Every structure is written in structure tokens, then in C-alpha cells.
Amino acid sequence: MSELTLLLIRLAFLAVLWFFVIAAVGVIRTDLFGPKTAPANTARKPAKQAKPAMRSRRGEPQKLVVTGGPLNGTTLNLTETTLITIGRANDSTLVLNDDYASTRHARLFPQDGQWIVEDLGSTNGTYLDRSKVTRPTPVPIGVPIRIGKTVIELRK
């Protein structure tokens, strides 16, 4: 092989190596700090709307209870909030110190008299009972929601 061919192969290999290094750094940065721009359907959109606190109605859940994981026993009152964000971010409503939870993992919000769970593009997914949540899904009372090692339920 000529020296020019060897030089071109070395440069191409070096370029591919740098591409992988930059991609790995980008993934780590996104995992630590979140995406550069918030997608249109993130937790921030409903938070901007001024909504009054939900009134408790008969048959609707009153609290969110952590039933498994490191935060077992933690309770959030649902009548005082209209949006619950879950993840490792410090500004989340329910902060999880779990390697299997993403920075902005999932959110729960009321809609038409029922609570909806939505996965926010997490790496390991959000599970309602034993089904992976792929779109906003209504959450029945007492059905477990699993995010990493943490299990939560809506209760009356």
C-alpha cells in the first residue's frame, strides 16, 4: 500500500474514533443535565398554565403512595397539586435516587376526572402494572406504577 492510502485510512479511523467520543459525551451530558431544549410535551408545559387545585370528588384518588423502593411510605397529596413529575432531577415533585430512573422520567397529571401517567422518553421505561407505558395512559386506583426500583400507587 502506498503511504498516501495508509495516511487516509489512519485519518478516517481517527475521525470515526472522535465521532464516538463526542457521541458518548453527549449522551452523558443529556443524562446528567437533561436535553438542551424541552420538547413541547414535557412537564413544563402544563405547569405554565394556571390551574386551580383539584377538588376531591368521590371515587377519585386522594394521594400518591410509594409502596416499594427506597422512598417506601412517602405520600403526596393529590388534591393540592395538578402535576407530579418523577425523576432524578432536583426540581421533580418526587425525586428518585435510582440508577434506573432518568433525570426526567415520567409525569402524572389529571385529565377529565382521571389521572394520566406519561413516560417522558426515559431510558428504562415506565410500567403500569406489568405493561410498558408508551403513550399517556389512565391510571386506575391501586394499580402499581414502576419506575426503576420504585413502585407507586394512587389511593383514595
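All values reported here derive from a predicted model rather than from experimental measurement.
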query = Which value, rounded to the nearest 0.5 Å, describes the distance between S122 atom OG and I86 atom CD1?
reply = 11.0 Å
ask   = Donor-acceptor pair, T150 side chain versus G69 backbone, under 3.5 Å?
value = no
ask   = Is a side-chain donor or acceptor of T137 paired with a backbone partner of R135 at a separation under 3.5 angstrom?
value = yes
query = What heavy-atom pair brings Q114 and P138 nearest, and what distance separates the two atoms?
reply = OE1-CB, 3.6 Å
query = Should the pair R104-D91 be classified as a salt bridge under the 4.0 Å nitrogen-to-oxygen rule?
reply = yes
ask   = Shared ILVMFWY cluster between Y100 and Y127, side chains joined below 4.5 angstrom?
value = no
Closest non-hydrogen atom pair, V151 against P144 = CG1-CB, 3.6 Å
T126 side, atom OG1; N124 side, atom CG - distance, nearest 0.5 Å = 9.5 Å
inquiry  = Between V25 and F19, is there shared hydrophobic-cluster membership here, with clusters defined by ILVMFWY side-chain heavy atoms closer than 4.5 Å?
reply    = no
request  = Look up atom CG in L78 and atom CG in L108, then write down how far apart they are to the nearest 0.5 Å.
outcome  = 8.0 Å
task = Give a yes or no on whether I84 and V143 share a hydrophobic cluster (residues Ile, Leu, Val, Met, Phe, Trp, Tyr; joining criterion: side-chain heavy atoms under 4.5 Å apart).
result = yes
query = At what distance, to the nearest 0.5 angstrom, does CG of L94 lie from OG1 of T85?
reply = 8.5 Å
query = So which heavy atom on P61 is nearest to which on L154, and how close?
reply = CB-CB, 3.8 Å
Transitive ILVMFWY side-chain link L83 to V65, under 4.5 Å = no
query = side-chain hydrogen bond (donor to acceptor under 3.5 Å, both in side chains): which pairs involve residues 63-74, sequence neighbours left out?
reply = none
inquiry  = Minimum heavy-atom separation for I141 and R155, please, with both atom names.
reply    = CG2-CA, 4.1 Å
query = Under the salt bridge (Lys or Arg N to Asp or Glu O under 4.0 Å) test, which residues partner R146, sequence neighbours left out?
reply = none
request  = Could you check if a side-chain atom of V139 sits within less than 4.5 angstrom of a side-chain atom of L128, using non-hydrogen atoms only?
outcome  = yes
task = Nearest 0.5 Å please: distance from the CZ atom of R88 over to the OG1 atom of T103.
result = 4.5 Å
task = Go through L96 and L71 one step at a time and tell me if the side-chain contact (heavy atoms from CB on, under 4.5 Å) criterion holds.
result = CA-CA 8 Å; L96 304 177; L71 298 175; 3.8 Å; yes
request  = Verify whether one side chain among D129 and S131 offers a donor that lies under 3.5 Å from an acceptor in the other.
outcome  = no
task = Might you point out which heavy atoms bring N77 and T79 nearest each other, and give the distance in Å?
result = OD1-OG1, 2.7 Å
Gap between atom CG of D119 and atom CD1 of I147 - 0.5 Å precision = 8.0 Å
query = Can you list every side-chain hydrogen bond (donor to acceptor under 3.5 Å, both in side chains) pair that touches residues 4-22, not counting sequence neighbours?
reply = S2-T5
